[in-house]
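Structure first, commentary second.
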There are 2 protein chains.
Amino acid sequence: MASLLDIAVTEFNQRGYDATSMEHLSRAAGITKSSFYHHISGKEALLRAALERALDGLFAVLREPGALAGTPLEQLRYVVGRQVEVLMAELPYVTLLLRVRGNTETERWALDRRRAFDAAVAAMVRAAMAAGEVRDDVNPAHAARLLSGLVNSIVEWYHPDRPGHADLPDELVRIAFEGLLPRP
Amino acid sequence: MASLLDIAVTEFNQRGYDATSMEHLSRAAGITKSSFYHHISGKEALLRAALERALDGLFAVLREPGALAGTPLEQLRYVVGRQVEVLMAELPYVTLLLRVRGNTETERWALDRRRAFDAAVAAMVRAAMAAGEVRDDVNPAHAARLLSGLVNSIVEWYHPDRPGHADLPDELVRIAFEGLLPRP
DNA sequence: GTCTATAATCAGATAGAC
DNA sequence: GTCTATCTGATTATAGAC
């Protein structure tokens with residue numbers, strides 16, 4: 001049986017957080033709004049719990065051995081691949097995180113933590129470029145932003161139930177680092 | 001003086017469409033809510049006008065000579081570069097388009113047209129792959145999705161007023177097709 | 001074109017019975 | 001734990017004076 005958090009996150013992602021009412025959530029859970037309130041303190045608490053789960057999953061990647069050992073490029077490739085895996089494993093939570101706009105204190109907190117994660121990846125891109133392992137004819141800040149954007153865009157179309165997605169982390173790393181052109 | 005549409009789109013992008021009230025819009029325009037209603041028929045009409053502008057800009061690219069002549073790869077590179085330029089030129093409108101969730105008839109109409117645009121680009125990716133001009137060791141559908149995601153992710157961080165963004169279309173095309181690794 | 005005032009509806013949240 | 005009933009405030013939209 002799906003938890004109330006799972007149900008809420010599914011609804012939030014379908015309609016958008018602001019467009020989803022407590023009535024929507026309670027109906028999706030099969031109980032009344034009042035009963036729903038017996039279990040959770042409010043709409044924003046649900047949002048906070050979901051965003052925490054997404055952020056915890058992403059930050060954990062940065063502490064894994066593969067993110068800390070090897071050349072700067074090896075570390076970067078590892079983190080990008082794992083980031084895709086976390087995104088796929090925690091899809092609804094990461095999706096919600098990526099759509100936060102900063103309207104409330106909770107949303108601004110999540111945006112701050114997300115920016116910190118992106119900054120860590122950006123530092124790895126700069127380190128790899130300084131080591132000559134990443135091309136230096138593009139703005140490093142742009143390269144980092146585009147890399148993050150490429151990874152995050154997966155939430156817009158990935159569905160866990162569809163087949164043929166097992167290779168996705170590897171495909172993404174290949175395209176990100178080697179590009180769409182055929183190898184020479 | 002900014003038009004009411006410009007003002008509304010700015011507000012929609014800041015807070016999200018659903019979280020933005022007519023009160024927000026009229027205050028941003030410097031008039032009362034009632035006066036605002038004198039000029040426009042409702043919130044959704046504003047959304048529709050904005051989404052139309054974004055979609056018209058994107059579809060126009062597909063009809064330009066550069067999108068119709070040359071090898072499949074040349075056509076694809078042209079369209080991707082021009083897509084970035086349109087995104088930069090019509091930033092607020094395209095941003096709004098990319099955040100539509102499908103809650104109303106207007107939003108579903110926009111989603112349909114957007115999917116048609118993406119399908120046209122995906123067809124160009126497949127054509128380039130069939131011609132041996134794009135690597136064939138990735139799923140063509142994934143390659144097309146990732147390419148679109150890469151381009152669209154720019155709306156999350158691009159600001160027209162910041163310097164150093166003139167090369168962005170070219171940088172993006174380089175990264176998309178040649179990847180982040182240094183050239184051999 | 002702009003305003004004040006207000007209608008009609010819906011939101012998040014609570015009280016209290018069972 | 002779940003329910004009906006309700007509160008309070010915000011939201012879209014309109015009426016009608018100036």
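Side chains of A:Pro92 and A:Val9 form a contact here, defined as non-hydrogen atoms less than 4.5 Å apart.
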Step by step, work out the side-chain contact (heavy atoms from CB on, under 4.5 Å) result for A:Thr104 and A:Glu44.
CA-CA 9 Å; A:Thr104 65; A:Glu44 198 164 356; 2.9 Å; yes
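Applying the ring pair (Phe, Tyr, Trp, His ring centres under 6.0 Å) definition to pairs two or more places apart or across chains, none involves residues 30-49 of chain B. Residue pairs meeting the ring pair (Phe, Tyr, Trp, His ring centres under 6.0 Å) criterion with at least one partner in residues 96-124 of chain A, sequence neighbours excluded, are A:Phe59-A:Phe117.
Residues that satisfy the salt bridge (charged side-chain N to carboxylate O under 4.0 Å, His left out) test with A:Arg27, not counting sequence neighbours, are absent from this structure. Residues meeting the side chain to side chain donor-acceptor pair (under 3.5 Å) test with A:Arg145, sequence neighbours left out: none. With sequence neighbours excluded, the residues satisfying side-chain contact (heavy atoms from CB on, under 4.5 Å) with A:Ala54 are A:Tyr93, A:Val94, A:Leu97.
Phosphate contact (OP1/OP2 of D:dT2, side-chain N/O of A:His39, threshold under 4.0 Å): present.
The nearest whole Å value for the distance from the NZ atom in B:Lys43 to the C1' atom in D:dA10 is 12 Å. Residue B:Ile40 contributes atom CD1, which lies 10 Å from atom C1' of D:dT12 at whole-angstrom precision. For the pair A:His24 NE2 and C:dC10 C1', the computed distance is 11 Å after rounding to whole Å. Rounding to whole angstrom units, CD1 of residue B:Ile31 and P of C:dC3 are separated by 7 Å. Atom CD in B:Glu44 sits roughly 18 Å away from atom P in D:dT11 (whole-Å rounding).
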Polar-atom pairs under 3.5 Å, protein N or O versus N or O of nucleotides 14-17 of chain C: list them with distances, or write none.
unit_1, atom_1, unit_2, atom_2, d
C:dT14, O4, A:Ser34, OG, 2.9
C:dA15, N6, A:Ser34, OG, 3.4

Distance-only criterion, 3.5 Å: show the donor-acceptor pairs between side-chain atoms of residues 75-84 of chain B and protein atoms not counting sequence neighbours.
unit_1, atom_1, unit_2, atom_2, d
B:Gln75, NE2, B:Leu68, O, 3.4
B:Gln75, NE2, B:Gly70, O, 3.2
B:Tyr78, OH, B:Glu64, OE1, 2.4
B:Arg82, NE, B:Glu64, OE1, 2.8
B:Arg82, NE, B:Glu64, OE2, 3.4
B:Arg82, NH1, B:Glu85, OE1, 2.8
B:Arg82, NH2, B:Glu64, OE2, 2.7

Show every donor-acceptor pair shorter than 3.5 Å between a side-chain atom in residues 150-167 of chain B and any protein atom, with sequence neighbours excluded, or say none if there are none.
unit_1, atom_1, unit_2, atom_2, d
B:Asn152, ND2, B:Ser148, O, 3.3
B:Ser153, OG, B:Leu150, O, 2.7
B:His165, NE2, A:His142, NE2, 3.3

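Ranking C:dC3, C:dG1, D:dT12 by closeness to the B:Ser35 side chain, first place goes to C:dC3. Candidate nucleotides C:dT4, D:dT2, C:dA13 were compared by shortest atom distance to the side chain of A:His38, and D:dT2 ranks first.
Listed by residue number, the members of residues 9-23 of chain A with any heavy atom below 4.0 angstrom from DNA chain C are A:Thr20, A:Ser21, A:Met22.
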